[in-house]
Amino acid sequence: MQPLVDKINKQRLPKHIAIIMDGNGRWAEEKGEDRLFGHFHGVESVRNIVEGCAELGIQYLTLYAFSTENWDRPQQEVDGLMTLLVDTIRKEVPELNKNNIKLHVIGNTSMLPELARNELNEAIDLLKNNTGLNLIMALSYSSRWELINAVQAIAKDVEMGNLNPNSINNTVFEKYLTTANFPDPELMIRTSGEFRISNFLLYQLAYSELYFTNTCWPDFRKNNLYEAIIEYQGRERRFGKTSKQIHDNIVLNSTSHP
Ligand code: IPE
Ligand code: IPE
Ligand code: MG
C-alpha cells in the first residue's frame with residue numbers, strides 16, 4: 001500500500017499549521033491514570049509531530065500548549081505541567097538544534113515561573129540562527145489577552161502621536177499581535193473530538209481550514225498529521241469569492257506561468 005505521506009502534494013503544503021493539542025487528561029483517565037500521565041505522553045506526540053513537520057518542510061508550526069484559562073486548573077496539575085515544560089525544553093533542545101528548528105513563544109510569559117522563563121529564553125537564544133521549521137509554542141496564551149494587549153499598545157502609540165488612527169488597517173494591526181512575524185495558519189487541527197477554538201488565534205484563524213479529529217493528543221502521530229494535510233489539500237479555499245473565480249484564477253496562473 002502507498003504510504004500516506006506520498007499522497008501529500010509537496011507543492012501545496014500549508015506554510016503554517018496550528019494545533020490545539022487536546023485530550024491528554026481524558027486519555028490518561030481512560031487508562032485509570034493521573035491526568036499528568038497524559039501530559040507526559042503528550043510530549044512524545046509533540047516530538048513526533050515537530051519532526052514530521054520538519055521532514056515535510058512546513059515553515060511554521062504553532063502548538064497550543066497552555067492557555068490563560070488553564071491557570072485555573074488544580075494547582076497540582078499546573079505545577080506538574082510547568083515542571084514538564086522545563087524538563088522537556090532541557091531534553092529536547094539538542095534534537096531541535098540538530099533538526100535546524102527555531103523556537104518562538106507567544107503568550108503572557110510573565111505569568112510563567114521564573115525557571116520556565118529562563119529555560120525558554122536560553123533555548124530561544126540557542127536556536128535563534130536556525131533556518132528550518134519555526135516552532136511557535138503558545139504558552140499562557142489566549143487570543144483575548146493578545147487582542148486587548150494589541151489595543152492597549154495601539155492606544156498608547158496614538159496618544160504619543162506615533163500612530164494616526166486613520167492609518168490603522170489589517171497590516172498595521174497585525175504588527176501589534178504576538179504573531180506579527182508569522183503568516184496566518186492555513187490549517188488548524190484540534191484533537192480529542194472537541195469542536196471549539198478555546199480562545200486560540202481568533203484573529204489569525206479567520207480563513208484557516210479547520211480539522212477536527214477524535215484522536216486524543218497522546219495518540220496523535222505523523223500519519224494523523226498527514227491525514228489532516230491530505231484533507232486540507234482536498235478543500236477549496238474561496239476567501240469569500242465564488243468557486244468559478246477561484247478555478248479561473250488557477251487556470252490563468254497555470255497558463256501565464258508555464
Ligand atoms: C490538553 O489536554 C493539554 C492542556 C490543556 C494543558 P487536556 O489537559 O485539556 O485534556 P482533557 O481535554 O481534559 O482530556
Ligand atoms: C485548549 O484546551 C487549550 C490547550 C490545548 C492548551 P482546553 O482543554 O483548555 O479547552 P476547553 O476547556 O476544553 O475549551
Ligand atoms: Mg482539554
Side-chain angles (χ1 to χ4, degrees), residues 16-50 52-53 60-89 91-92 103-113 115-117 119-120 135-149 177-179 182 185 187-205 208 210-221 224-225 228:
H16 185 173
I17 299 177
I19 308 183
I20 302 179
M21 310 185 288
D22 198 16
N24 295 353
R26 277 164 288 156
W27 182 88
E29 280 158 7
E30 243 170 53
K31 295 180 159 43
E33 298 282 351
D34 188 82
R35 295 176 56 85
L36 278 171
F37 180 79
H39 297 314
F40 189 76
H41 280 275
V43 175
E44 287 165 28
S45 304
V46 171
R47 192 180 301 128
N48 190 269
I49 295 310
V50 168
C53 284
Y60 300 89
L61 172 67
T62 298
L63 297 177
Y64 201 10
F66 194 84
S67 74
T68 308
E69 289 75 19
N70 289 149
W71 288 114
D72 293 332
R73 290 196 178 186
Q75 195 57 43
Q76 186 236 358
E77 184 171 345
V78 172
D79 291 346
L81 278 165
M82 291 302 135
T83 308
L84 186 62
L85 174 66
V86 172
D87 289 352
T88 304
I89 304 162
K91 251 191 245 148
E92 299 299 323
L103 181 66
H104 310 262
V105 175
I106 56 171
N108 187 359
T109 46
S110 68
M111 286 185 77
L112 295 171
L115 189 62
R117 245 180 304 145
E119 206 67 43
L120 278 167
L135 173 61
I136 304 150
M137 298 297 298
L139 287 166
S140 189
Y141 173 88
S142 83
S143 208
R144 287 183 177 177
W145 163 82
E146 175 181 49
L147 291 170
I148 298 292
N149 242 11
L177 297 176
T178 61
T179 50
F182 318 128
L187 172 63
M188 196 287 288
I189 300 171
R190 183 171 190 153
T191 59
S192 86
E194 302 294 357
F195 301 98
R196 52 179 174 266
I197 304 293
S198 302
N199 221 345
F200 187 46
L201 302 176
L202 297 178
Y203 179 93
Q204 297 87 339
L205 293 178
S208 307
L210 307 182
Y211 179 87
F212 298 96
T213 170
N214 286 330
T215 305
C216 282
W217 180 250
D219 285 331
F220 196 87
R221 288 293 181 274
N224 304 93
L225 172 76

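It should be emphasised that the depicted structure is a prediction, and the values quoted were computed from it without experimental measurement. Counting from 1, the numbers follow the sequence of the chain as shown. Whatever order the structure lists them in is the order used to number ligands and atoms, beginning at 1.
- Using a 4.0 Å cut-off to heavy atoms of Ile20, the atoms of ligand 2 that qualify are 1 (C), 5 (C).
- Side chains of Val43 and Leu84 form a contact here, defined as non-hydrogen atoms less than 4.5 Å apart.
- A distance of 9.0 Å separates CG in Asn70 from OG in Ser198, rounded to the nearest 0.5 Å.
- Nearest non-hydrogen protein atom to atom 9 (O) of ligand 2 is Asn70 ND2, 2.9 Å.
- For atom 12 (O) of ligand 2, the nearest non-hydrogen atom of the protein is Arg196 NH2, 4.6 Å.
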>> I'd like to know whether Thr62 forms a side chain to side chain contact (heavy atoms under 4.5 Å, CB included) with Tyr60, so could you lay out the CA-CA distance, the side-chain angles of the two residues, the decisive distance to 0.1 Å, and finally the verdict.
In response: CA-CA 7 Å; Thr62 298; Tyr60 300 89; 5.6 Å; no

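- Closest heavy-atom approach to atom 8 (O) of ligand 1 among the candidates Glu69, Glu77, Arg73: Arg73.
- Looking only at heavy atoms of the protein, atom 11 (P) of ligand 1 is closest to Arg26 NE, 3.5 Å.
- Looking at Ser67 next to ligand 2, no N or O pair under 3.5 Å apart turns up.
- Side-chain contact between Met21 and Ser45 is absent, with no heavy atoms from C-beta onward closer than 4.5 Å.
- Looking only at side-chain heavy atoms (C-beta outward), His41 and Lys31 stay at 4.5 Å or farther from each other.
- What sits closest to atom 10 (O) of ligand 1 on the protein, heavy atoms only, is Gly25 N, 2.9 Å.
- Protein N/O/S atoms nearer than 2.8 Å to the Mg ion (ligand 3) total 1.
- Across Leu201 and Ala18, no two heavy atoms sit closer than the pair CD1-CB, 4.0 Å.
- The CG atom of Leu139 sits 12.5 Å away from the CZ atom of Arg117 when rounded to the nearest 0.5 Å.
- Taken from CD in Glu44 to CD1 in Ile49, the straight-line distance is 12.0 Å, to the nearest 0.5 Å.
- Between Trp145 and Tyr141, the two ring planes are perpendicular [angle over 60°; tilted spans 30° to 60°].
- Here the straight-line distance linking atom CG of Asn24 with atom CD of Glu77 works out to 9.0 Å at 0.5 Å rounding.
- Results of the side-chain hydrogen bond (donor to acceptor under 3.5 Å, both in side chains) test with Trp27 over Thr191, Asp219, Asp22, Thr215 single out Asp219 as the only residue that passes.
- Distance from atom 13 (O) of ligand 1 to its nearest protein heavy atom, with residue and atom name: Arg35 NH2, 2.9 Å.
- Looking from atom 14 (O) of ligand 2 to the surrounding protein, the closest heavy atom is Ser198 OG, 2.6 Å.
- Summary of contacts: the protein heavy atom closest to atom 1 (C) of ligand 1 is Met21 O, 3.0 Å.
- Of the protein's heavy atoms, Ala65 O, 3.4 Å lies nearest to atom 6 (C) of ligand 1.
- Relative orientation of the Trp71 and Phe66 rings is perpendicular, given thresholds of 30° and 60° on the angle between their planes.
- Contact annotation for Ala138 and ligand 2: no heavy atom of the residue comes within less than 4.0 Å of the ligand.
- Looking at Phe66 against ligand 2, only its backbone comes within 4.0 Å, counting heavy atoms.
- Put simply, no part of Glu194 is less than 4.0 Å from ligand 2, judged by heavy atoms.
- With values rounded to the nearest 0.5 angstrom, Phe200 atom CZ is found 7.0 Å from Met188 atom CE.
- Within the structure, ligand 2 has Arg190 among the residues with a heavy atom less than 4.0 angstrom away.
- Atom-to-atom distance recorded for Met111:CE and Thr68:OG1 is 7.0 Å, nearest 0.5 angstrom.
- Ligand 1 lies nowhere less than 4.0 angstrom from a heavy atom belonging to Ser192.
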